[in-house]
Asks: 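Shown below is the structure under consideration.
Numbers restart at 1 for each chain; the letters A, B, ... are given by sequence-line order, proteins then strands. As a basis for the values below, the full set of heavy atoms in this structure was taken, side chains included, without hydrogen atoms, waters or symmetry mates.
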Protein chains: 2
Amino acid sequence: MVEQHPVILDSIFHALSDTTRRAMLRDLAEGERSIGELAAPFDMSFAGASKHVKVLEQAGLVQRRIAGRTHYCRLNADRLAEADAWLRYYERFWTRGLDTLEALLRAEDERAGKMGK
Amino acid sequence: MVEQHPVILDSIFHALSDTTRRAMLRDLAEGERSIGELAAPFDMSFAGASKHVKVLEQAGLVQRRIAGRTHYCRLNADRLAEADAWLRYYERFWTRGLDTLEALLRAEDERAGKMGK
DNA sequence: CAAATTTTAAACCAAATGGTTGACTATCCG
DNA sequence: CGGATAGTCAACCATTTGGTTTAAAATTTG
């Protein structure tokens, strides 16, 4: 069981590992935003915020549309879904009130089952 | 709507942004592992792998139990659940066959609804 | 005790990160 | 045209990252 797109996951999780960038994504969840609108909430230079947007864009989390002098960004949730898909593998370890130890035992059982085939 | 634990999310997503560390977590999903066992698959110095484990540990994704000279690690999925909870907010943008544009329109509608109250 | 095993710690290195400032490009408007 | 607006780019800086090597600590084993 090998990851399909490790480099892409690297870039997605890296993009998500910064508070400023996660806040920008929240903003984008409410609709299209210009770079200036994305930058406004932060006590940071415009160019600094612009770099954060570029990180999001290069991770594929955001898509850019240029209209005149304004660059509009919109969320690309497909990439978030890839991160979610990676995490989903571990879902059994935290859902349905199982404690982690019990889930680990279950994982070991499953593994033993596979090896037995 | 503000994030509860931004610094913790930073460290979790950062820990997940490296292929080696994600592979270690996959390994740990099958049961407890010593540092040496975690390091074995990688073409990397032992000390290098040990540093990766430390990153996972400091992000709270892994817990360490010391038995003699051997350090055993086990998965702490609660922290993965925190990352998942963050992502879940965006679930509506990729589920149920909605395309992203439609979901964005829906988000804008919801927002308009809130502002109307 | 001495040697082997498991792991950390410290020092070091190159590259990437997150931020700045200043100059530049492009567009819109009067 | 000329000025204001939106944004990028390049250079720079301090810090972090991911990796190495060597030394050292702790434990087990002969």
Side-chain angles (χ1 to χ4, degrees), chain A residues 3 6-28 31-75 83, chain B residues 3 6-28 31-75 83:
Chain A
E3 285 179 4
V7 178
I8 290 178
L9 280 175
D10 283 5
S11 70
I12 295 173
F13 282 124
H14 169 249
L16 296 181
S17 73
D18 182 276
T19 307
T20 300
R21 289 191 291 263
R22 287 197 309 278
M24 287 178 166
L25 290 176
R26 280 281 154 127
D27 205 359
L28 288 167
E32 216 173 41
R33 294 285 184 270
S34 71
I35 308 289
E37 287 168 341
L38 285 175
F42 305 106
D43 184 19
M44 185 186 300
S45 70
F46 197 96
S50 168
K51 276 175 144 187
H52 280 300
V53 175
K54 201 194 290 183
V55 171
L56 291 169
E57 193 183 10
Q58 283 172 344
L61 294 169
V62 150
Q63 274 159 1
R64 186 184 302 242
R65 169 176 74 85
I66 300 178
R69 64 187 166 184
T70 308
H71 296 210
Y72 291 101
C73 296
R74 68 178 187 81
L75 188 65
Chain B
E3 285 179 4
V7 178
I8 290 179
L9 280 174
D10 283 5
S11 70
I12 294 173
F13 282 124
H14 170 249
L16 295 181
S17 75
D18 181 276
T19 307
T20 300
R21 290 192 291 264
R22 287 197 308 278
M24 287 178 165
L25 290 176
R26 279 282 154 127
D27 204 359
L28 287 167
E32 216 173 42
R33 293 284 184 272
S34 71
I35 307 290
E37 286 168 342
L38 286 175
F42 305 104
D43 183 19
M44 184 187 299
S45 71
F46 197 97
S50 168
K51 277 174 143 188
H52 279 300
V53 175
K54 201 194 291 182
V55 171
L56 291 169
E57 193 185 9
Q58 285 172 343
L61 294 170
V62 150
Q63 275 160 359
R64 187 184 301 244
R65 169 177 73 84
I66 300 178
R69 65 187 164 185
T70 308
H71 295 210
Y72 291 101
C73 296
R74 69 178 187 80
L75 187 65

Asks: Minimum heavy-atom separation for B:Y72 and B:A67, please, with both atom names.
Replies: CE1-CB, 4.0 Å
Asks: How close or far is atom C1' of D:dG7 from atom CZ of A:R64, stated in whole angstroms?
Replies: 8 Å
Asks: Can you tell me the distance, in whole Å, between the NE2 atom of B:H71 and the C1' atom of C:dT6?
Replies: 7 Å
Asks: Compare every heavy atom of A:S17 with every heavy atom of B:F13, then report the nearest pair and how far apart it is.
Replies: CB-CA, 3.6 Å
Asks: To the nearest angstrom, how far is A:I35 atom CD1 from D:dT8 atom C1'?
Replies: 10 Å
Asks: What pair of heavy atoms forms the shortest contact from A:A59 to A:I12, and how long is it?
Replies: O-CG1, 3.9 Å
Asks: Atom NZ of B:K51 and atom C1' of D:dT21: how far apart are they, to the nearest Å?
Replies: 11 Å
Asks: Identify whether any heavy atom of A:S34 sits under 4.0 Å from a base atom; if not, whether one sits that close to sugar-phosphate; answer base, sugar-phosphate or nothing.
Replies: sugar-phosphate
Asks: Distance check needed: D:dT22 C1' versus B:F46 CZ, whole Å only.
Replies: 16 Å
Asks: Just how far, in rounded Å, is P of C:dT17 from CZ of A:F13?
Replies: 17 Å
Asks: Using nucleotides 22-24 of chain C, report all nitrogen or oxygen pairs with the protein that are shorter than 3.5 Å.
Replies:
none

Asks: Does B:R33 use its side chain to pair, donor to acceptor, with the backbone of B:M24 at less than 3.5 Å?
Replies: no
Asks: Applying a 4.0 Å non-hydrogen cut-off, can you work out what A:G48 is touching in the nucleic acid: base, sugar-phosphate, or nothing?
Replies: base
Asks: Kindly indicate whether the side chain of B:T19, heavy atoms from C-beta on, has any atom under 4.5 Å from the side chain of A:L9.
Replies: no
Asks: Find out whether A:H52 and A:L38 are in side-chain contact, i.e. whether some heavy atom of one side chain is under 4.5 Å from a heavy atom of the other.
Replies: no
Asks: May I have the distance from A:I66 (atom CD1) to C:dT25 (atom P), rounded to whole angstrom?
Replies: 17 Å
Asks: Detail all sub-3.5 Å separations between protein N/O atoms and N/O atoms belonging to nucleotides 25-30 of chain D.
Replies:
residue, atom, partner, partner atom, Å
D:dT27, O2, B:R69, NH1, 3.3

Asks: For the backbone of B:L16 and the side chain of B:R22, can you confirm whether one donor and one acceptor N or O come within less than 3.5 Å of each other?
Replies: yes
Asks: So do B:I35 and B:F46 actually touch side chain to side chain, heavy atoms under 4.5 Å?
Replies: yes
Asks: For residues A:R21 and A:H14, determine if any side-chain heavy atom of one lies less than 4.5 Å from a side-chain heavy atom of the other.
Replies: yes
Asks: Determine: side-chain N/O of A:K54 to OP1/OP2 of D:dC9, distance under 4.0 Å, yes or no.
Replies: yes
Asks: Output the rounded distance in Å from CG (B:D18) to C1' (C:dA16).
Replies: 13 Å
Asks: Looking only at side-chain N and O atoms, does A:S45 come under 4.0 Å of OP1 or OP2 in C:dT20?
Replies: yes
